Amino acid sequence: MSADLKNLAGKIAIVTGGADGIGKKAVEFLAGSCDKVVIWDIDEEKGQKLAEELGKDNVMFCHVDTTKYVSVEEAAKVVFGKFGRIDVLINNAGITRCATLTKMTTEQWQQIIDVNLTGVFNCTKVVASYMVQGEFGRIINVCSLAGIYGSVGQTNYSATKSGVIGITKVWARELSKHNITVNVIAPGFIETKDMHQVPEKSLKTIKNKIPVGRLGKPEDVANAYLFLISDLASYITGSVINVDGGYVL
(Lines give C-alpha, C1' and ligand atoms only; values in the text may rest on other atoms or scores of the structure.)
Protein backbone atom coordinates (compact mmCIF):
# COMPACT_ATOMS: atom_id res chain seq x y z
CA MET A 1 0.00 0.00 0.00
CA SER A 2 1.28 3.43 -0.91
CA ALA A 3 2.00 5.74 2.00
CA ASP A 4 -0.11 8.38 0.24
CA LEU A 5 -3.30 6.37 0.65
CA LYS A 6 -4.68 7.63 3.94
CA ASN A 7 -7.09 6.20 6.45
CA LEU A 8 -7.72 2.80 4.90
CA ALA A 9 -6.87 1.18 8.22
CA GLY A 10 -9.93 0.42 10.29
CA LYS A 11 -12.33 0.16 7.37
CA ILE A 12 -14.70 -2.77 6.79
CA ALA A 13 -14.80 -3.65 3.10
CA ILE A 14 -16.95 -6.02 1.03
CA VAL A 15 -15.82 -7.23 -2.39
CA THR A 16 -18.35 -9.08 -4.53
CA GLY A 17 -16.88 -11.65 -6.90
CA GLY A 18 -13.80 -11.52 -4.71
CA ALA A 19 -12.76 -15.16 -5.07
CA ASP A 20 -11.10 -14.86 -8.47
CA GLY A 21 -9.69 -12.51 -11.10
CA ILE A 22 -9.65 -8.77 -10.45
CA GLY A 23 -11.78 -9.24 -7.35
CA LYS A 24 -9.23 -11.61 -5.85
CA LYS A 25 -6.44 -9.10 -6.39
CA ALA A 26 -8.58 -6.41 -4.78
CA VAL A 27 -9.11 -8.62 -1.74
CA GLU A 28 -5.37 -9.29 -1.50
CA PHE A 29 -4.58 -5.57 -1.62
CA LEU A 30 -7.34 -4.60 0.82
CA ALA A 31 -6.29 -7.32 3.26
CA GLY A 32 -3.06 -5.43 3.77
CA SER A 33 -4.80 -2.08 4.11
CA CYS A 34 -8.23 -2.39 5.70
CA ASP A 35 -9.21 -3.76 9.08
CA LYS A 36 -11.56 -6.42 7.71
CA VAL A 37 -12.24 -7.63 4.16
CA VAL A 38 -15.29 -9.74 3.37
CA ILE A 39 -15.42 -11.81 0.19
CA TRP A 40 -18.91 -12.22 -1.25
CA ASP A 41 -18.88 -14.90 -3.93
CA ILE A 42 -20.93 -17.80 -5.21
CA ASP A 43 -17.79 -19.97 -5.51
CA GLU A 44 -17.46 -21.32 -1.99
CA GLU A 45 -14.36 -23.43 -2.64
CA LYS A 46 -12.28 -20.58 -4.07
CA GLY A 47 -13.63 -18.05 -1.59
CA GLN A 48 -12.85 -20.14 1.48
CA LYS A 49 -9.42 -21.02 0.14
CA LEU A 50 -8.53 -17.36 -0.43
CA ALA A 51 -9.74 -16.37 3.03
CA GLU A 52 -7.59 -19.09 4.58
CA GLU A 53 -4.54 -18.13 2.52
CA LEU A 54 -4.78 -14.47 3.51
CA GLY A 55 -5.54 -15.15 7.15
CA LYS A 56 -8.84 -15.56 8.93
CA ASP A 57 -8.12 -12.69 11.32
CA ASN A 58 -8.94 -9.99 8.80
CA VAL A 59 -10.43 -11.82 5.80
CA MET A 60 -13.83 -13.47 5.88
CA PHE A 61 -15.82 -15.36 3.25
CA CYS A 62 -19.60 -15.36 2.80
CA HIS A 63 -21.36 -17.50 0.22
CA VAL A 64 -23.58 -14.98 -1.56
CA ASP A 65 -25.68 -15.12 -4.69
CA THR A 66 -25.90 -11.44 -5.54
CA THR A 67 -28.83 -12.06 -7.88
CA LYS A 68 -30.93 -13.07 -4.86
CA TYR A 69 -31.96 -10.14 -2.65
CA VAL A 70 -32.51 -12.36 0.39
CA SER A 71 -29.01 -13.85 0.05
CA VAL A 72 -27.48 -10.37 0.00
CA GLU A 73 -29.65 -9.22 2.91
CA GLU A 74 -28.60 -12.16 5.09
CA ALA A 75 -24.91 -11.72 4.29
CA ALA A 76 -25.00 -8.00 5.08
CA LYS A 77 -26.65 -8.72 8.43
CA VAL A 78 -23.81 -11.10 9.24
CA VAL A 79 -21.14 -8.53 8.35
CA PHE A 80 -22.84 -5.69 10.23
CA GLY A 81 -23.57 -7.92 13.21
CA LYS A 82 -19.95 -8.99 13.44
CA PHE A 83 -18.22 -5.66 12.82
CA GLY A 84 -20.83 -3.00 13.61
CA ARG A 85 -20.51 -1.15 10.32
CA ILE A 86 -19.82 -1.44 6.60
CA ASP A 87 -17.55 1.21 5.07
CA VAL A 88 -16.72 -0.03 1.57
CA LEU A 89 -18.62 -1.93 -1.11
CA ILE A 90 -16.91 -2.93 -4.34
CA ASN A 91 -19.44 -4.33 -6.80
CA ASN A 92 -16.88 -6.36 -8.71
CA ALA A 93 -18.93 -9.47 -9.58
CA GLY A 94 -19.76 -9.85 -13.26
CA ILE A 95 -20.10 -12.40 -16.05
CA THR A 96 -20.20 -12.47 -19.85
CA ARG A 97 -22.35 -14.50 -22.25
CA CYS A 98 -21.30 -13.36 -25.71
CA ALA A 99 -23.35 -13.67 -28.90
CA THR A 100 -24.43 -11.37 -31.69
CA LEU A 101 -27.94 -9.95 -31.45
CA THR A 102 -29.63 -12.43 -33.79
CA LYS A 103 -27.98 -15.40 -32.07
CA MET A 104 -28.32 -14.27 -28.47
CA THR A 105 -30.82 -16.31 -26.47
CA THR A 106 -33.24 -14.81 -23.98
CA GLU A 107 -31.49 -16.92 -21.33
CA GLN A 108 -28.13 -15.30 -22.17
CA TRP A 109 -29.74 -11.88 -21.96
CA GLN A 110 -31.36 -12.56 -18.60
CA GLN A 111 -28.30 -14.17 -17.02
CA ILE A 112 -26.25 -11.06 -17.64
CA ILE A 113 -29.00 -8.71 -16.47
CA ASP A 114 -29.40 -10.73 -13.26
CA VAL A 115 -25.71 -10.74 -12.30
CA ASN A 116 -24.32 -7.52 -13.75
CA LEU A 117 -27.20 -5.16 -13.08
CA THR A 118 -29.69 -6.65 -10.62
CA GLY A 119 -26.81 -7.96 -8.51
CA VAL A 120 -25.32 -4.47 -8.26
CA PHE A 121 -28.72 -3.05 -7.33
CA ASN A 122 -29.30 -5.71 -4.66
CA CYS A 123 -25.90 -5.27 -3.01
CA THR A 124 -25.96 -1.48 -3.06
CA LYS A 125 -29.54 -1.15 -1.84
CA VAL A 126 -28.83 -3.39 1.14
CA VAL A 127 -25.37 -2.11 2.05
CA ALA A 128 -26.20 1.58 1.50
CA SER A 129 -28.76 1.42 4.30
CA TYR A 130 -25.98 0.51 6.75
CA MET A 131 -23.70 3.20 5.34
CA VAL A 132 -26.42 5.81 5.77
CA GLN A 133 -26.68 4.84 9.43
CA GLY A 134 -22.96 5.40 9.84
CA GLU A 135 -22.93 8.57 7.70
CA PHE A 136 -19.99 7.24 5.69
CA GLY A 137 -19.40 5.01 2.71
CA ARG A 138 -17.36 4.31 -0.38
CA ILE A 139 -19.11 2.43 -3.17
CA ILE A 140 -17.29 1.37 -6.34
CA ASN A 141 -19.15 -0.14 -9.26
CA VAL A 142 -17.28 -1.92 -12.01
CA CYS A 143 -18.12 -1.10 -15.59
CA SER A 144 -16.26 -1.84 -18.83
CA LEU A 145 -15.30 -0.02 -21.97
CA ALA A 146 -18.15 -2.03 -23.51
CA GLY A 147 -20.56 -0.04 -21.38
CA ILE A 148 -19.22 3.25 -22.72
CA TYR A 149 -18.52 2.48 -26.36
CA GLY A 150 -20.36 -0.80 -27.01
CA SER A 151 -18.80 -4.06 -28.14
CA VAL A 152 -19.76 -6.43 -30.94
CA GLY A 153 -21.32 -9.61 -29.59
CA GLN A 154 -22.08 -8.06 -26.22
CA THR A 155 -25.58 -6.58 -26.42
CA ASN A 156 -26.39 -7.92 -22.97
CA TYR A 157 -23.05 -7.06 -21.38
CA SER A 158 -22.89 -3.55 -22.85
CA ALA A 159 -26.47 -2.88 -21.73
CA THR A 160 -25.71 -3.84 -18.14
CA LYS A 161 -22.48 -1.87 -17.97
CA SER A 162 -24.14 1.23 -19.44
CA GLY A 163 -26.83 0.72 -16.84
CA VAL A 164 -24.22 0.59 -14.09
CA ILE A 165 -22.94 4.01 -15.15
CA GLY A 166 -26.46 5.43 -15.04
CA ILE A 167 -27.35 4.11 -11.60
CA THR A 168 -23.97 5.20 -10.25
CA LYS A 169 -24.71 8.81 -11.15
CA VAL A 170 -28.15 8.58 -9.53
CA TRP A 171 -26.75 7.08 -6.34
CA ALA A 172 -23.94 9.63 -6.21
CA ARG A 173 -26.59 12.35 -6.14
CA GLU A 174 -28.81 10.60 -3.62
CA LEU A 175 -26.15 9.45 -1.15
CA SER A 176 -23.66 12.32 -1.11
CA LYS A 177 -25.50 14.03 1.77
CA HIS A 178 -24.57 11.03 3.90
CA ASN A 179 -20.84 11.31 3.09
CA ILE A 180 -21.10 8.37 0.72
CA THR A 181 -19.32 8.50 -2.63
CA VAL A 182 -20.25 6.29 -5.58
CA ASN A 183 -17.94 5.89 -8.55
CA VAL A 184 -17.28 3.62 -11.51
CA ILE A 185 -14.08 1.92 -12.58
CA ALA A 186 -14.05 0.90 -16.26
CA PRO A 187 -11.26 -1.61 -16.90
CA GLY A 188 -9.88 -2.08 -20.39
CA PHE A 189 -8.19 -5.29 -21.50
CA ILE A 190 -6.96 -6.94 -18.31
CA GLU A 191 -4.91 -10.14 -18.01
CA THR A 192 -7.52 -12.46 -16.51
CA LYS A 193 -8.52 -16.01 -17.43
CA ASP A 194 -11.04 -14.64 -19.95
CA MET A 195 -8.19 -13.16 -21.97
CA HIS A 196 -6.62 -16.60 -22.30
CA GLN A 197 -9.38 -17.48 -24.74
CA VAL A 198 -8.46 -14.64 -27.09
CA PRO A 199 -6.36 -15.76 -30.11
CA GLU A 200 -2.74 -14.59 -30.05
CA LYS A 201 -3.20 -12.63 -33.27
CA SER A 202 -6.12 -10.71 -31.76
CA LEU A 203 -4.15 -10.06 -28.58
CA LYS A 204 -1.32 -8.57 -30.62
CA THR A 205 -3.77 -6.26 -32.40
CA ILE A 206 -5.22 -5.16 -29.07
CA LYS A 207 -1.79 -4.47 -27.57
CA ASN A 208 -0.83 -2.40 -30.60
CA LYS A 209 -3.82 -0.14 -29.92
CA ILE A 210 -2.87 0.44 -26.28
CA PRO A 211 -0.58 3.47 -25.91
CA VAL A 212 1.20 2.06 -22.85
CA GLY A 213 2.01 -1.04 -24.89
CA ARG A 214 0.65 -3.81 -22.70
CA LEU A 215 -2.47 -5.42 -21.33
CA GLY A 216 -3.56 -4.29 -17.91
CA LYS A 217 -2.94 -6.37 -14.81
CA PRO A 218 -5.50 -7.07 -12.09
CA GLU A 219 -3.40 -4.97 -9.72
CA ASP A 220 -3.82 -1.94 -12.01
CA VAL A 221 -7.55 -2.10 -11.35
CA ALA A 222 -7.11 -2.95 -7.66
CA ASN A 223 -4.92 0.14 -7.23
CA ALA A 224 -7.74 2.26 -8.64
CA TYR A 225 -10.10 0.71 -6.10
CA LEU A 226 -7.69 1.59 -3.29
CA PHE A 227 -7.48 5.17 -4.46
CA LEU A 228 -11.23 5.65 -4.60
CA ILE A 229 -11.81 4.33 -1.09
CA SER A 230 -9.03 6.48 0.35
CA ASP A 231 -9.45 10.02 1.68
CA LEU A 232 -7.49 11.24 -1.34
CA ALA A 233 -10.67 10.62 -3.38
CA SER A 234 -13.19 12.07 -0.93
CA TYR A 235 -14.19 14.82 -3.39
CA ILE A 236 -14.76 12.42 -6.29
CA THR A 237 -18.24 11.02 -6.81
CA GLY A 238 -20.36 10.07 -9.81
CA SER A 239 -17.22 9.68 -11.92
CA VAL A 240 -16.22 7.03 -14.45
CA ILE A 241 -12.50 6.28 -14.36
CA ASN A 242 -11.04 4.28 -17.25
CA VAL A 243 -8.22 1.91 -16.37
CA ASP A 244 -7.32 0.99 -19.93
CA GLY A 245 -3.77 2.10 -20.70
CA GLY A 246 -5.15 4.77 -23.00
CA TYR A 247 -6.91 2.29 -25.30
CA VAL A 248 -9.77 4.64 -26.13
CA LEU A 249 -7.65 7.69 -26.89
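Keep in mind it's a predicted model, so treat the numbers as computed, not measured. Side chains included, hydrogens not; waters and symmetry mates left out as well; all remaining heavy atoms used.
Closest heavy-atom contact between S230 and R138: O-NE, 4.4 Å. When all heavy atoms of Q154 and T96 are compared, the closest pair comes out as NE2-CG2, 4.1 Å. In plain terms, the two heavy atoms of A13 and L30 that are nearest each other are CB-CD1, 4.3 Å. Between T237 and I180, the shortest heavy-atom distance links the atoms OG1-O, 4.4 Å. Scanning both residues, V142 and N92, for their nearest heavy atoms gives CG2-CA, 3.7 Å. Taking every heavy atom of both residues into account, T66 and C123 meet most closely at CG2-SG, 3.6 Å.
Residues I42 and Y69 are members of separate hydrophobic clusters, defined by side-chain heavy-atom contacts under 4.5 angstrom among Ile, Leu, Val, Met, Phe, Trp and Tyr. By the criterion of side-chain heavy atoms lying less than 4.5 angstrom apart, applied directly or through intervening Ile, Leu, Val, Met, Phe, Trp or Tyr residues, L232 is grouped together with I90 in one hydrophobic cluster. Placement of Y149 and I112 in two distinct hydrophobic clusters is found when ILVMFWY residues are connected by side-chain heavy-atom separations under 4.5 Å, directly or transitively. Following chains of ILVMFWY side-chain contacts shorter than 4.5 Å, one cannot reach Y157 starting from Y247, and the two form parts of different hydrophobic clusters. I86 and F136 end up in different hydrophobic clusters when Ile, Leu, Val, Met, Phe, Trp and Tyr side chains are linked at under 4.5 Å.
Note that CD1 of I167 and NZ of K169 are 12.5 Å apart. Values are rounded to the nearest 0.5 Å. Between the CD1 atom in I229 and the CD1 atom in I139 there is a gap of 12.5 Å [rounded to 0.5 Å]. One distance of note links CD1 of I140 with CG of N183; it measures 7.5 Å at 0.5 Å rounding. Atom-to-atom distance recorded for L89:CG and T16:OG1 is 6.5 Å, nearest 0.5 angstrom. With values rounded to the nearest 0.5 angstrom, F83 atom CZ is found 9.5 Å from I14 atom CD1. For the atom pair D43 CG and Q48 CD, the distance stands at 10.5 Å (nearest 0.5 Å).
A side-chain N or O of Q110 and one of D114 form a donor-acceptor pair less than 3.5 Å apart.
Looking at E52, its side chain never comes within 3.5 Å of a backbone N or O of K49 through a donor-acceptor pair. In this structure, the side chain of D35 does not engage the main chain of K11 through any donor-acceptor pair within 3.5 Å. Within the 3.5 Å criterion, the main-chain N or O of A159 finds no donor-acceptor partner in the side chain of S162. The main-chain N or O of I95 is found under 3.5 Å from a side-chain atom of N116 such that the two form a donor-acceptor pair. Side chain of K161 to main chain of A146: no donor-acceptor pair is present (N/O by atom type, distance under 3.5 Å, no hydrogens or angles). With hydrogens and angles ignored, the 3.5 Å screen pairs a side-chain donor or acceptor of D87 with a backbone N or O of I12.
The existence of a salt bridge linking R214 and D220 is confirmed by a sub-4.0 Å separation between a basic side-chain nitrogen and an acidic carboxylate oxygen. Here E28 pairs with K25 in a salt bridge; the nearest charged N to carboxylate O distance falls below 4.0 Å. Under a 4.0 Å N-O distance rule, the pair K46/D20 qualifies as a salt bridge.
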Query raised in the report: Step by step, would you call T67 with T118 a side chain to side chain contact (heavy atoms under 4.5 Å, CB included)?
Result: CA-CA 6 Å; T67 70; T118 302; 5.7 Å; no
Report task. Please lay out, stage by stage, how V27 and L54 fare under the test side chain to side chain contact (heavy atoms under 4.5 Å, CB included). Result -> CA-CA 9 Å; V27 170; L54 296 177; 3.6 Å; yes
Requested in this report: Take V184 and I241 through the side chain to side chain contact (heavy atoms under 4.5 Å, CB included) test and state the conclusion after the steps.
Outcome: CA-CA 6 Å; V184 175; I241 299 176; over 6 Å; no
Requested in this report: Could you walk me through whether W40 and M60 pass the side chain to side chain contact (heavy atoms under 4.5 Å, CB included) test, one step at a time?
Outcome: CA-CA 9 Å; W40 280 5; M60 171 179 156; over 6 Å; no
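Heavy-atom neighbours of E135 CD from other residues, nucleotides or ligands within 6.0 Å: above the threshold of 12.
Within the 4.5 Å cutoff, no side-chain heavy atoms of K68 are placed close to those of V72. Here the side chains of V64 and D41 are not in contact, with every heavy-atom distance at 4.5 Å or above. When side chains are defined from C-beta on, S151 does not count as touching L145, because their heavy atoms never get closer than 4.5 Å. Side-chain contact check for V59 versus I39: some heavy-atom pair is nearer than 4.5 Å. Side-chain contact between L203 and E200: present, with at least one pair of heavy atoms (C-beta onward) separated by less than 4.5 Å. L226 has its side chain within reach of S33: a pair of non-hydrogen atoms, C-beta onward, lies under 4.5 Å apart. For the pair N156 and I113, the minimum side-chain heavy-atom distance is 4.5 Å or more. Using a 4.5 Å cut-off on side-chain heavy atoms (C-beta onward), L228 and I236 make contact.
Separation of the Y225 and F29 ring centroids does not fall under the 6.0 Å cut-off.
Aromatic ring orientation, F121 versus W171: tilted (interplanar angle from 30° to 60°).
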